[in-house]
A.B. asks: 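Before anything else, here's the structure in question.
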Amino acid sequence: MGSMVSIPAPEQAATHVVTNQPPPLSPYDASDDPVLLEGLRREGAGWAEEGIRRLGLRAGSAEAQEWADQANRHVPVLRTHDRYGKRVDEVDFHPSWHHLMRTAVTEGLAGTPWSEDRPGAHVARTAGGLVWGHTDAGHGCPTSMTYAAIPALRKEPELAKVYEPLLTGREYEPELRVPAEKRGLLAGMGMTEKQGGSDVRTNTTTATPTAESGVYTLRGHKWFTSAPMCDVFLVLAQAPGGLSCFLVPRVLPDGSRNTFRIQRLKDKLGNRSNASSEPEFDGTVAWLVGPEGQGVKTIIEMVNCTRLDCVMMSATLMRRTLVEAGHHARHRSAFGARLVDQPLMRNVLADLALESEAATALTLRLAGAADRAVRGDAGEQAFRRIATAVGKYWVTKRGPAFTAEALECLGGNGYVEDSGMPRHYREAPLLSIWEGSGNVNALDVLRALRRAPDTAQALFGELALAQGADARLDAAVVRLKDLLATTSEAGVRRLVEHMALTLQASLLVRHAPSAVADAFCATRLGGDWGHAFGTLPDAAEVELILDRALPGRN
């Protein structure tokens, strides 16, 4: 038997030498974005900058990014019964989910702003979401609903007195216990049913009054109820006086479990770290929130708050995937040069940067309006009423196309799960669907224009602040006024799209560098643009746009 030929180790591994691949993005600073920090200061929350920067570093850490990955790979599991056959209806999560949730709640990203009598508190929370959302979008659902539940709950002061201090706290206690015995609570929401979806007035869940004033029992089935592990839920049901809003706790004051039978968890396209469920109510104890028959009016403020969070999370996904695309282009070479140095790739990245900046600027403007509206500013209340629906329609619509283009910047590397980009891509469509699809939000804009003329006045008052600064913007405002006078219900999407672009352009003209504002107005308003990202005109100052969006690119 002959002797074996010895091959040096380096030669054995020669076919596996890895070159021309970017290093891991983490650790990075998710708050390293001038658009975010400028908007934070502009909207009255500059006092929160140090905390936002600290949270940005944590969001971009390898540890937090690993939490996000693990929470999505190990999805929630429904446990209907315990080992003895007793019904428990609990959802088990990977430990990473709890790490994400604990950080979000501790950092005040749930209900905390409602307890802080400080101008800018709601802006600071939105900015926190814009950076912490670089981790995982799923856990933003229960924090968003907890935040949004407070104004609706205040329609019933006695209930608010009990629950609000716990919903606005910074303690995360995931175990199901008597709410009043915990240091912190989370809130969910149950509106949609199989037969109606967004048409909640067709709900068939019934609410029967008991002998105790304000206490009812519910019977019915909800089609989408996110975050079933929350402590309390705001639920719509048909009472004798019509569709009404109710507070449903998972655990009753005496320590017994309320009837909240989780039939199944939804197998969703994205948002997989978060549990969405179908609960069944059968003799479920509930407390009336607001007057009977005014359920939609009572819960609408909750919807407004969650719609703002949809805009915020879409803007976050844009920024997160832009950072990833820029990082890849900076370290990857093809055809003799780094991708980031190639003219066409620079055009694509700059176009994405414009879209991202416009989305972030609008998000923070909406947060500022929400903050001032809470404090009684009637003009900001009217602006918020229409602009939030406009932003919800447009920014969330742009998300899927944006994330797809950012993914493509990574080529095949972006198409594999390890890159994280497929998770972001699957997440993007949700924000347009949640809290009313595109049609629902577009029609809501039309409804506001017809029923509340002060909303149009507030919108044009905002646009007037940029009057004379850019001829294309001025022309767009004139066209918008013409569209308002002629648009039918069938054409309302076109109207809302024009509203959104005009509003975004006005913010950039007032607050962004001239290179950014000029390129946005030339393309989005002036028509000097193609039908895909990466079609900026030659006149666009791409280098200046990229230097702002991707610091340290060189």
Side-chain angles (χ1 to χ4, degrees), residues 196-202 296 300 303-304 307-308 310-311 314 354-355 358-359 362-363 365-366 369 382-402 428-464 466-467 470-509 520-533 535:
S198 295
D199 187 7
V200 296
R201 294 189 186 278
T202 63
V296 173
I300 194 64
V303 173
N304 285 334
R307 282 181 176 175
L308 170 58
C310 287
V311 182
S314 289
L354 291 179
E355 196 75 26
L362 179 56
T363 297
R365 176 64 185 94
L366 295 176
F383 175 76
R384 178 198 184 201
R385 170 70 179 87
I386 191 168
T388 300
V390 168
K392 165 67 167 71
Y393 172 83
W394 182 243
V395 176
T396 63
K397 276 269 177 278
R398 300 297 290 154
F402 187 106
L430 169 66
L431 286 315
S432 182
I433 296 169
W434 189 34
E435 299 307 353
S437 63
N439 284 353
V440 170
N441 276 269
L443 291 171
D444 195 34
V445 172
L446 191 62
R447 190 177 303 111
L449 292 169
R450 290 173 175 173
R451 297 180 181 178
D454 60 332
T455 58
Q457 296 169 9
L459 178 65
F460 283 106
E462 177 77 14
L463 297 176
Q467 187 173 357
D470 188 287
R472 295 158 298 195
L473 176 57
D474 290 343
V477 174
V478 172
R479 182 164 178 259
L480 180 56
K481 291 178 179 178
D482 292 340
L483 284 172
L484 279 174
T486 59
T487 295
S488 66
E489 182 174 310
V492 72
R493 278 188 173 217
R494 190 171 186 175
L495 169 67
V496 177
E497 176 178 323
H498 193 66
M499 276 185 178
L501 291 172
T502 306
L503 180 55
Q504 287 181 321
S506 74
L507 290 169
L508 297 184
V509 164
F520 189 90
C521 289
T523 54
R524 277 65 169 176
L525 298 182
D528 194 3
W529 199 30
H531 295 285
F533 287 108
T535 53

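Computed from a predicted model, the values in this text were never measured in an experiment.
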A.B. asks: Between Met499 and Tyr393, is any pair of side-chain heavy atoms under 4.5 Å apart?
C.D. replies: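 Not in contact.
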A.B. asks: Go through Lys392 and Glu435 one step at a time and tell me if the salt bridge (charged side-chain N to carboxylate O under 4.0 Å, His left out) criterion holds.
C.D. replies: CA-CA 9 Å; Lys392 165 67 167 71; Glu435 299 307 353; over 6 Å; no
A.B. asks: Test: salt bridge (charged side-chain N to carboxylate O under 4.0 Å, His left out). Region: residues 443-453. Which pairs qualify, not counting sequence neighbours?
C.D. replies: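 Residue pairs with at least one partner in residues 443-453: Arg307-Asp444, Arg385-Asp444, Asp444-Arg447.
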A.B. asks: Would you give the length of the straight line joining atom OG1 of Thr388 to atom CG of Leu308, rounded to the nearest 0.5 angstrom?
C.D. replies: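 Nearest 0.5 Å value for the OG1-CG distance: 6.0 Å.
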A.B. asks: Test of understanding: with side-chain hydrogen bond (donor to acceptor under 3.5 Å, both in side chains), list the residues that count as partners of Trp529, not counting sequence neighbours.
C.D. replies: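 For Trp529, the residues satisfying side-chain hydrogen bond (donor to acceptor under 3.5 Å, both in side chains) (neighbours in sequence not counted) are Asp351, Thr535.
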A.B. asks: Would you compute the distance between atom CG of Leu354 and atom CG of Leu508 and round it to the nearest 0.5 angstrom?
C.D. replies: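 Between Leu354 CG and Leu508 CG, I get 8.0 Å after rounding to 0.5 Å.
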A.B. asks: Which atom pair, heavy atoms only, marks the closest approach of Ala466 to Ser506?
C.D. replies: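 So the minimum-distance heavy-atom pair works out to CB-O, 3.9 Å.
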A.B. asks: Any side-chain heavy atom of Val496 within less than 4.5 Å of one from Asn441?
C.D. replies: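 No, every pair of side-chain atoms sits at 4.5 Å or beyond.
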A.B. asks: With sequence neighbours excluded, give me every side-chain hydrogen bond (donor to acceptor under 3.5 Å, both in side chains) pair touching residues 494-503.
C.D. replies: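 Every side-chain hydrogen bond (donor to acceptor under 3.5 Å, both in side chains) pair that includes a residue of residues 494-503, provided the two are not neighbours, is Arg479-His498.
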A.B. asks: Listed by chain and number, what are the ring-ring contact (aromatic ring centres under 6.0 Å, His included) partners of Phe383, not counting sequence neighbours?
C.D. replies: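 Phe383 satisfies ring-ring contact (aromatic ring centres under 6.0 Å, His included) with no other residue.
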A.B. asks: Checking Asp528 now: which residues fulfil side chain to side chain contact (heavy atoms under 4.5 Å, CB included) with it, not counting sequence neighbours?
C.D. replies: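 Testing Asp528 for side chain to side chain contact (heavy atoms under 4.5 Å, CB included), a comparison that skips the adjacent residues, returns Pro537.
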A.B. asks: Considering non-hydrogen atoms only, spot the tightest contact between Val395 and Ala359 and give its length.
C.D. replies: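 Val395 and Ala359 have their closest heavy atoms at CG1-CB, 3.9 Å.
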A.B. asks: Are Gln467 and Asp474 side-chain neighbours, meaning at least one heavy-atom pair lies under 4.5 Å?
C.D. replies: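 Of all side-chain heavy-atom pairs linking Asp474 with Gln467, at least one is under 4.5 Å.
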A.B. asks: Minimum heavy-atom separation for Ala389 and Val445, please, with both atom names.
C.D. replies: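 Smallest interatomic distance, heavy atoms only, reads CB-CG2, 3.7 Å.
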A.B. asks: Can you see which heavy atom on Val509 is nearest to which on Cys521, and at what distance?
C.D. replies: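 The answer is CG2-SG, 3.8 Å.
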A.B. asks: If every non-hydrogen atom of Ser432 is compared with every non-hydrogen atom of Thr396, which pair is closest and at what distance?
C.D. replies: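 Closest pair (atom of Ser432, atom of Thr396, distance): CA-OG1, 3.4 Å.
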A.B. asks: Test of understanding: with side-chain hydrogen bond (donor to acceptor under 3.5 Å, both in side chains), list the residues that count as partners of Asn304, not counting sequence neighbours.
C.D. replies: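 Testing Asn304 for side-chain hydrogen bond (donor to acceptor under 3.5 Å, both in side chains), a comparison that skips the adjacent residues, returns none.
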A.B. asks: Quick one: are Leu495 and Leu449 in side-chain contact, heavy atoms under 4.5 Å?
C.D. replies: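 Touching, per the 4.5 Å side-chain cut-off.
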A.B. asks: Report the distance from atom CG of Leu463 to atom CG of Leu473, rounding to the nearest 0.5 Å.
C.D. replies: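 If I round to the nearest 0.5 Å, the distance is 7.0 Å.
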A.B. asks: How close do Arg493 and Ala442 get, heavy atom to heavy atom, and via which atoms?
C.D. replies: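 Distance-wise, the nearest heavy atoms are CG-CB, 4.3 Å.
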A.B. asks: Are any non-hydrogen side-chain atoms of Phe520 and Leu501 less than 4.5 angstrom apart?
C.D. replies: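 Answer yes - side chains close enough.
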A.B. asks: Roughly how far, to the nearest 0.5 Å, is CZ of Arg398 from CD of Gln504?
C.D. replies: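 Taking CD in Gln504 and CZ in Arg398, the distance rounds to 9.0 Å.
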A.B. asks: Report yes if some heavy atom in the side chain of Val477 is under 4.5 Å from a heavy atom in the side chain of Phe460; otherwise report no.
C.D. replies: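 Yes, close enough: below the 4.5 Å cut-off.
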